[in-house]
Structure formats: C-alpha cells, structure tokens
S.K.: 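Here it is, the structure in full.
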Amino acid sequence: MFRDRVRIQLKAGNGGSGKISFGKDNIPMGGTGGTGGNVYLEGDNNMYDLSSIIPDHVYAADNAEHGGVKDLTGRNGKDYILKVPIATNVYDEKKQLLATITQHGQRELVLIGGVGGLGNHYYRAKGRNAAREFQFGKPGDKKDVTLELELQSDIIFIGLPNAGKSSVLNSLTNADAKVAAYEFSTTSPYLGRMGNVVLMDLPGLIERTAEGKGLGTSFVKHTKAAKAVAHFVSLESVDPLKDYELIRRELEAIGSDLAAKPEIIILTKTDLIRSDEIPAKIKLFKKFKKPVAAVSAYDLDALVNLQKTLSEFLDLL
Ligand SMILES: Nc1nc2c(ncn2[C@@H]2O[C@H](COP(=O)(O)OP(=O)(O)OP(=O)(O)O)[C@@H](O)[C@H]2O)c(=O)[nH]1
Ligand SMILES: [Mg+2]
C-alpha cells in the first residue's frame with residue numbers, strides 16, 4: 001500500500017552509567033559510561049514512498065554500556081539510521097519542521113544519545129568520602145515525529161481511466177504498476193525510473209474530478225515538483241479530441257499549476273486502429289501546438305521512440 005504520511009516514535013540511546021569499582025590499594029577505578037546512539041534520517045533514492053515504515057513503531061538507537069573496571073569507558077550505543085525516500089519532511093508534535101531530506105545519502109541528525117555518567121575514578125582526587133561517587137547516564141531523547149513525503153518526478157502521466165498510462169509506464173521503466181481493463185486500476189501515484197528521468201503514473205481523471213468525483217485530487221500535492229505533464233489519450237475512443245479537452249478542462253478546474261505545466265500529448269493503443277489512420281489522428285492534435293507522440297504498449301519500436309521523445313522534450317524545457 002502506498003503511504004505518503006506516517007507517524008512514528010524515535011528514541012536515542014541512553015548513556016551508560018559510571019561504574020564504582022576499586023583497584024589496588026582501594027583506588028577508585030570505575031570507568032565512565034558510553035554515549036547512547038544518535039538517531040539519523042538518511043535519504044534513499046531506492047525508496048519511493050513511506051510504506052516500509054511501520055506506523056507508531058518505535059525506531060530506537062542502542063543504549064550505551066556502563067563504565068567498566070580499570071577506568072574502562074563503556075561502549076557507545078550504535079546509532080540508528082532510518083532510511084527515507086527523497087523529499088521527506090520530518091515534523092515534530094508541534095508541526096515544526098525538523099528536517100527535509102532532498103538528496104540520496106543526505107544524513108540528518110534528529111536525536112542525540114544521552115551522555116555517559118562519570119565513574120568513581122573521576123572523583124578519586126576528592127578523597128575517601130568521594131570514593132563511591134558516580135553518575136547515572138543521561139537518557140536519550142525521545143520524540144514523536146511525522147514523516148511526510150512529497151513525491152518527486154520529472155513527468156507526470158495524466159488522462160482518462162484506461163488510457164494506457166500504467167501500461168506505458170511499465171514498458172518504459174522498471175515499474176510494475178497494476179494494469180487492468182477496468183477504470184481506476186491505479187489508485188495512488190506510482191513512480192518509475194527511465195534512465196535519470198522519473199515518471200509518475202497517476203490515477204485516471206474524469207469529469208468533475210476537481211469536485212471529488214472518481215478518486216479525487218489528493219494526489220495533486222505530489223505533482224508540484226514535476227517539470228511536465230504527459231497527457232494520455234486512447235485512440236480506442238470514438239472521440240479522442242473530446243477526451244483530451246475534457247481532461248484539459250478538469251486540469252483547469254483542479255486549480256493547481258497542473259494545467260500550466262508544459263505538456264506532451266501521447267496517443268495510445270495505436271494497434272487498435274489502422275496504421276494509415278494514425279497520421280490523421282496526430283494531425284487532429286497539432287492545433288494545440290504541443291508535441292504529439294503515438295504509441296502502442298505492444299509496439300517495441302514505438303516505445304523506444306517514445307523514450308527518446310520524452311527525454312528530448314524534457315531537455316528542451
Ligand atoms: N490494445 C491495447 N491495449 C492496451 C494498450 N495499452 C493498454 N492497454 C489495455 O488497456 C487497459 C487499461 O490499461 P492501463 O495501463 O491500466 O490504463 P490506465 O490509463 O493506467 O488506467 P487507470 O489506472 O484506470 O487510469 C488494459 O486492459 C490494458 O491491457 C495498447 O497499447 N494497446
Ligand atoms: Mg493505471
């Protein structure tokens with residue numbers, strides 16, 4: 001299940017306590033406790049959403065060991081590094097932004113482990129009365145945080161249900177999006193990578209999506225970062241032009257900057273019409289003064305061409 005928001009608890013490790021121990025001639029020799037592990041968040045571009053993060057789970061760094069005999073410092077607790085997808089925002093309970101992860105490998109410290117307590121060796125100069133003095137380790141910080149993801153992509157796929165968006169995504173990328181002969185088989189945004197270009201498949205739009213019909217507009221926040229829109233129109237339709245215009249009107253009505261993004265029109269399912277009819281269909285769309293491509297999910301050459309067309313289209317922006 002796709003997840004773009006999750007609440008979890010983070011816990012840094014406790015510091016180890018100082019030790020009371022005595023060496024030769026009763027000299028205080030107890031060591032200092034180690035430092036508890038820190039908690040970091042780290043960007044990972046192999047993750048596309050937050051579904052692998054368990055809601056309400058406590059993600060904790062290790063506690064440190066206590067001080068040892070012979071003035072040995074306790075071992076530090078191991079840090080905990082929670083991997084999150086790129087463009088994750090981390091908020092505390094008061095909705096304050098703690099960190100934003102925007103890069104692969106970017107590591108942000110969010111909680112600090114507790115410091116270790118001093119052992120009695122530290123107090124040895126204070127004389128006999130201090131021989132049994134020591135400190136407890138400090139507890140590690142704890143925080144309830146909310147992770148929120150803003151999906152990043154270069155091109156977003158839009159169009160009526162069944163236009164063939166997911167089929168093309170799967171053919172062009174490593175994605176394995178659900179394809180089905182019924183409407184709204186895609187229920188949440190789905191990403192795939194084509195070289196260094198990230199494509200985002202979206203649930204189908206219909207008339208009055210802007211008013212909450214169909215699957216509604218909750219996906220819109222994920223489209224902000226995209227550079228362009230690929231608008232899919234099925235040539236199986238009796239009136240592809242009408243389908244196109246319906247979706248354009250809907251984009252305007254949704255009221256984000258979606259309608260203003262540069263657009264490429266992709267006519268799909270060319271295998272379902274006669275090949276000598278394709279040029280005329282493409283021509284119909286020329287009046288919009290936008291790039292137009294035609295493809296079938298079953299035509300390898302056309303898919304390779306589309307891959308090139310999409311990359312070139314992006315390069316021109
Ligand atoms: N003949 C033919 N069928 C196709 C082609 N592309 C997709 N289909 C079929 O059309 C149906 C819908 O395809 P999807 O890729 O799921 O369409 P979608 O636009 O992602 O649909 P939603 O997720 O519901 O918005 C499926 O039955 C596909 O097998 C194509 O190029 N040619
Ligand atoms: Mg789909």
Side-chain angles (χ1 to χ4, degrees), residues 1-2 4 48-49 51 151 153 155-194 198-220 222-223 226 228-251 253-254 258 263-279 281-282 285 292-310:
M1 248 302 265
F2 172 82
D4 56 11
Y48 288 133
D49 76 355
S51 55
L151 290 178
S153 66
I155 304 181
I156 45 186
F157 286 10
I158 56 146
L160 284 172
N162 273 336
K165 301 177 292 296
S166 302
S167 303
V168 169
L169 181 85
N170 289 346
S171 304
L172 294 182
T173 71
N174 52 355
D176 186 19
K178 184 173 169 194
V179 168
Y182 51 82
E183 301 195 335
F184 302 119
S185 41
T186 302
T187 54
S188 54
Y190 204 105
L191 297 177
R193 190 179 290 276
M194 181 183 83
V198 178
L199 305 176
M200 186 195 292
D201 184 21
L202 287 177
L205 301 178
I206 53 170
E207 199 168 6
R208 295 173 48 206
T209 290
E211 296 164 29
K213 274 245 177 174
L215 294 175
T217 57
S218 63
F219 62 85
V220 169
H222 295 304
T223 64
V229 168
H231 188 152
F232 284 68
V233 182
S234 170
L235 293 181
E236 192 183 19
S237 164
V238 287
D239 194 345
L241 212 51
K242 197 170 140 207
D243 293 352
Y244 174 82
E245 284 168 337
L246 182 156
I247 294 296
R248 282 304 308 176
R249 276 199 302 279
E250 220 42 51
L251 289 183
I254 287 170
L258 259 179
E263 186 187 76
I264 179 168
I265 300 167
I266 299 178
L267 307 178
T268 60
K269 309 197 187 183
T270 52
D271 57 293
L272 295 181
I273 63 169
R274 285 197 353 236
S275 56
D276 58 357
E277 287 175 18
I278 298 171
K281 297 282 184 193
I282 294 177
F285 283 84
V292 185
V295 73
S296 158
Y298 306 123
D299 179 346
L300 199 59
D301 289 340
L303 287 165
V304 171
N305 275 334
L306 180 61
Q307 210 160 23
K308 245 177 64 194
T309 308
L310 287 175

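Remember, predicted model here, so these are calculated numbers, not experimental data. Note that ligands are numbered from 1 as they come in the structure, with each ligand's atoms numbered from 1 the same way.
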S.K.: S185: heavy atom below 4.0 Å from ligand 1, yes or no?
M.R.: yes
S.K.: Checking the side chain of E250 only, and the main-chain atoms of R208 only, is there a donor and an acceptor separated by less than 3.5 Å?
M.R.: yes
S.K.: Hey, is N162 one of the residues with a heavy atom under 4.0 angstrom from ligand 1?
M.R.: yes
S.K.: Select the closest option to atom 4 (C) of ligand 1 among K269, K165, E236, judged by heavy-atom distance.
M.R.: K269
S.K.: Answer with side chain, backbone, both or neither: which part of D271 has a heavy atom less than 4.0 angstrom from an atom of ligand 1?
M.R.: side chain
S.K.: What's the spacing between L205 CG and I254 CD1 if we round to 0.5 Å?
M.R.: 5.0 Å
S.K.: Hey, is there an N, O or S on S166 sitting under 2.8 Å from the Mg ion (ligand 2)?
M.R.: yes
S.K.: With a 4.0 Å cut-off on heavy atoms, is F157 touching ligand 1?
M.R.: no
S.K.: Please list the nearest protein heavy atom to atom 2 (C) of ligand 1 with its residue and the distance rounded to 0.1 Å.
M.R.: Y298 CE1, 3.2 Å
S.K.: For the residue pair S296 and D271, what are the closest heavy atoms and their distance?
M.R.: OG-OD1, 2.9 Å
S.K.: Using a 4.0 Å cutoff against the non-hydrogen atoms of Y182, which atoms of ligand 1 qualify?
M.R.: 24 (O)
S.K.: Specify whether Y244 and F285 have parallel, tilted or perpendicular ring planes, treating 30° as the upper limit for parallel and 60° as the lower limit for perpendicular.
M.R.: perpendicular
S.K.: How far is atom 28 (C) of ligand 1 from its nearest protein heavy atom, and which residue and atom name does that atom have?
M.R.: V179 CG1, 3.6 Å
S.K.: What protein heavy atom is closest to atom 24 (O) of ligand 1, reported as residue, atom name and distance in Å?
M.R.: F184 N, 2.8 Å
S.K.: Of all heavy-atom pairs between S237 and D243, which one has the smallest distance, and what is that distance?
M.R.: OG-OD2, 2.7 Å
S.K.: Can you tell me if an N/O/S atom from T186 lies under 2.8 Å from the Mg ion (ligand 2)?
M.R.: yes
S.K.: Using a strict 4.0 Å cut-off to heavy atoms of G164, name the atoms of ligand 1 that fall inside it.
M.R.: 7 (C), 13 (O), 14 (P), 15 (O), 17 (O), 18 (P), 19 (O)
S.K.: Check F232 against ligand 1 and report side chain, backbone, both or neither, counting heavy atoms closer than 4.0 Å.
M.R.: neither
S.K.: Taking 4.0 angstrom as the limit and counting only heavy atoms of G204, give me the atoms of ligand 1 inside it, by number and element.
M.R.: 25 (O)
S.K.: Students should be able to answer this: which protein heavy-atom is nearest to atom 23 (O) of ligand 1, and at what distance?
M.R.: T186 OG1, 2.8 Å
S.K.: Using a strict 4.0 Å cut-off to heavy atoms of L272, name the atoms of ligand 1 that fall inside it.
M.R.: 1 (N)
S.K.: Rounded to the nearest 0.5 Å, what's the gap from CD on E277 to OG1 on T270? Could you check?
M.R.: 11.5 Å
S.K.: What protein heavy atom lies closest to atom 13 (O) of ligand 1? Include the residue and the distance to one decimal.
M.R.: S167 OG, 3.6 Å
S.K.: Output the list of atoms in ligand 1 that are nearer than 4.0 Å to some heavy atom of S296, sorted by atom number.
M.R.: 31 (O)
S.K.: Looking only at protein heavy atoms, which one is nearest to atom 11 (C) of ligand 1, and what is the separation?
M.R.: A180 O, 3.5 Å
S.K.: Kindly say whether V233 contributes a backbone atom to a donor-acceptor pair with the side chain of K269 at under 3.5 angstrom?
M.R.: no
